[in-house]
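Note that the coordinates shown come from a computational prediction; the quantities given were computed from them, not determined experimentally.
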Amino acid sequence: METIVNESVKYRAGIVKAIIKAFKTKQERGWDKIFFYFDIHETVLYPDYNNVEPEKFYEHAKDVLRYLSTREDIVMALYTCSYPVEIERYQKFFESKEIKFTYINKNPEVANTKYGYYEDKPYYNVLFEDKAGFDAENDWLEIKQYFKL
């Protein structure tokens, strides 16, 4: 699938720069896919600290995730500290919204190499994580614009 992007925009978001780099590396190395890993709370969904299952998406997040779910050249995975019972509920919730995460906290597609040990830390090309600087209030819009959605 050809990457349809908006190269005419100057991007503020580091996440868009990471996406651009991932696609460039994919092309240079002849890879057929890249890996996007997503935290849930404060990244995809607003947190609810009243112990209620959060289900409110940040603006534009659902549109972007649905689109990414349709791409054969992107593997999406959850990167979360949620408990297994919560993860099961999240999987059902995301599936009901036509959002597909292939893996959770792992990447069995990338084996250990002489350059990296991936049994305890999954390999990914782009990490969407509020603790790593992802700004859910603003970055989803820039990602949406980048993919021309």
Side-chain angles (χ1 to χ4, degrees), residues 1-49 53-82 86-111 113 115-118 120-149:
M1 176 181 284
E2 182 179 334
T3 304
I4 300 172
V5 298
N6 190 347
E7 295 292 348
S8 64
V9 176
K10 188 83 169 166
Y11 295 102
R12 174 201 62 79
I15 196 72
V16 174
K17 293 175 183 175
I19 292 168
I20 292 168
K21 181 181 178 185
F23 279 116
K24 183 179 178 185
T25 302
K26 175 184 171 289
Q27 183 178 11
E28 289 171 351
R29 297 189 183 178
W31 297 342
D32 60 340
K33 58 188 154 190
I34 52 179
F35 301 92
F36 287 8
Y37 276 57
F38 297 85
D39 180 37
I40 298 172
H41 308 97
E42 294 189 61
T43 302
V44 173
L45 301 175
Y46 283 94
D48 184 334
Y49 298 108
E53 191 82 15
E55 293 186 348
K56 182 181 176 194
F57 284 91
Y58 282 93
E59 188 174 8
H60 309 293
K62 185 170 28 171
D63 293 338
V64 171
L65 292 170
R66 278 183 170 161
Y67 168 72
L68 295 176
S69 293
T70 67
R71 294 191 57 131
E72 294 178 12
D73 62 341
I74 296 173
V75 175
M76 296 187 352
L78 289 175
Y79 194 64
T80 180
C81 63
S82 297
E86 296 169 321
I87 291 171
E88 191 174 317
R89 286 194 303 260
Y90 282 124
Q91 284 181 289
K92 289 177 183 171
F93 170 73
F94 289 125
E95 286 174 9
S96 76
K97 305 298 182 196
E98 300 175 25
I99 297 169
K100 180 186 172 195
F101 292 102
T102 304
Y103 303 117
I104 300 160
N105 296 331
K106 63 182 176 181
N107 185 348
E109 294 189 41
V110 177
T113 67
Y115 303 109
Y117 176 78
Y118 301 110
D120 295 325
K121 179 185 176 193
Y123 177 86
Y124 53 81
N125 300 97
V126 183
L127 176 64
F128 299 74
E129 163 68 78
D130 60 296
K131 292 170 188 71
F134 184 81
D135 177 5
E137 295 285 348
N138 298 294
D139 291 352
W140 286 113
L141 176 59
E142 286 198 27
I143 297 166
K144 189 173 183 176
Q145 291 170 338
Y146 173 74
F147 284 110
K148 293 186 177 182
L149 304 178

- What are the two closest non-hydrogen atoms of Glu109 and Val75, and how far apart are they? OE2-CG2, 4.2 Å
- Message: Test side chain to side chain contact (heavy atoms under 4.5 Å, CB included) on Glu137 and Tyr46; report intermediate values, then the result.
- Response: CA-CA 10 Å; Glu137 295 285 348; Tyr46 283 94; 3.4 Å; yes
- Asp139 side chain vs Phe134 backbone, donor-acceptor pair below 3.5 Å: no
- Message: Please tell me whether Phe57 and Phe93 form a close aromatic pair, meaning their ring centres lie under 6.0 Å apart.
- Response: yes
- May I ask you to check whether over 12 heavy atoms, not counting those of Glu88, lie within 6.0 Å of atom CD? no
- Message: Could you go through Lys24 and Lys21, starting from their C-alpha distance and side-chain angles, then the distance that decides it, and tell me whether this counts as side chain to side chain contact (heavy atoms under 4.5 Å, CB included)?
- Response: CA-CA 5 Å; Lys24 183 179 178 185; Lys21 181 181 178 185; 5.6 Å; no
- Please answer whether the main-chain N or O of Thr43 pairs with a side-chain N or O of Trp140 as donor and acceptor at a distance below 3.5 Å. yes
- Query: Under a 4.5 Å cut-off applied to non-hydrogen side-chain atoms, are His60 and Ile143 in contact?
  - Reply: no
- Note on the structure: Residues Ile99 and Phe101: closest non-hydrogen pair is CG2-CE1, 3.5 Å
- If you take all heavy atoms of Glu42 and Asp130, which pair is closest and at what distance? O-CB, 3.4 Å
- Message: In the structure I gave you, are the side-chain heavy atoms of Val126 and Ile34 within less than 4.5 Å of one another anywhere?
- Response: no
- Query: Will you find, in the side chains of Asp120 and Tyr118, an N or O donor that is under 3.5 Å from an N or O acceptor?
  - Reply: no
- Can you tell if the side chain of Ser69 reaches within under 4.5 Å of the side chain of Glu98, non-hydrogen atoms only? no
- Provide the closest heavy-atom pair for Glu129 versus Asp39 in the form atom of the first, atom of the second, distance. OE2-OD2, 3.2 Å
- Item | Side-chain touch Val64/Tyr146, heavy atoms, less than 4.5 angstrom | no
- Query: Distance-only, no hydrogens or angles: does the Tyr37 side chain make a donor-acceptor pair with backbone N or O of Lys106 under 3.5 Å?
  - Reply: yes
- Please confirm whether the backbone N or O of Ile87 pairs with a side-chain atom of Ser82, one donor and one acceptor, at under 3.5 Å? no
- Task: With the side chain counted from C-beta on, respond yes when Phe23 and Ile74 share a heavy-atom pair under 4.5 Å apart, and no when they do not.
- Result: yes
- Query: Where is the tightest heavy-atom contact between Met76 and Lys100, given as atom of each residue plus distance?
  - Reply: CE-O, 3.3 Å
- Task: Could you tell me whether Glu28 atom CD has more than 12 heavy atoms of other residues or ligands within 6.0 Å of it?
- Result: yes
- Query: Going by heavy atoms in the side chains, are Asn125 and Thr25 under 4.5 Å from each other?
  - Reply: no
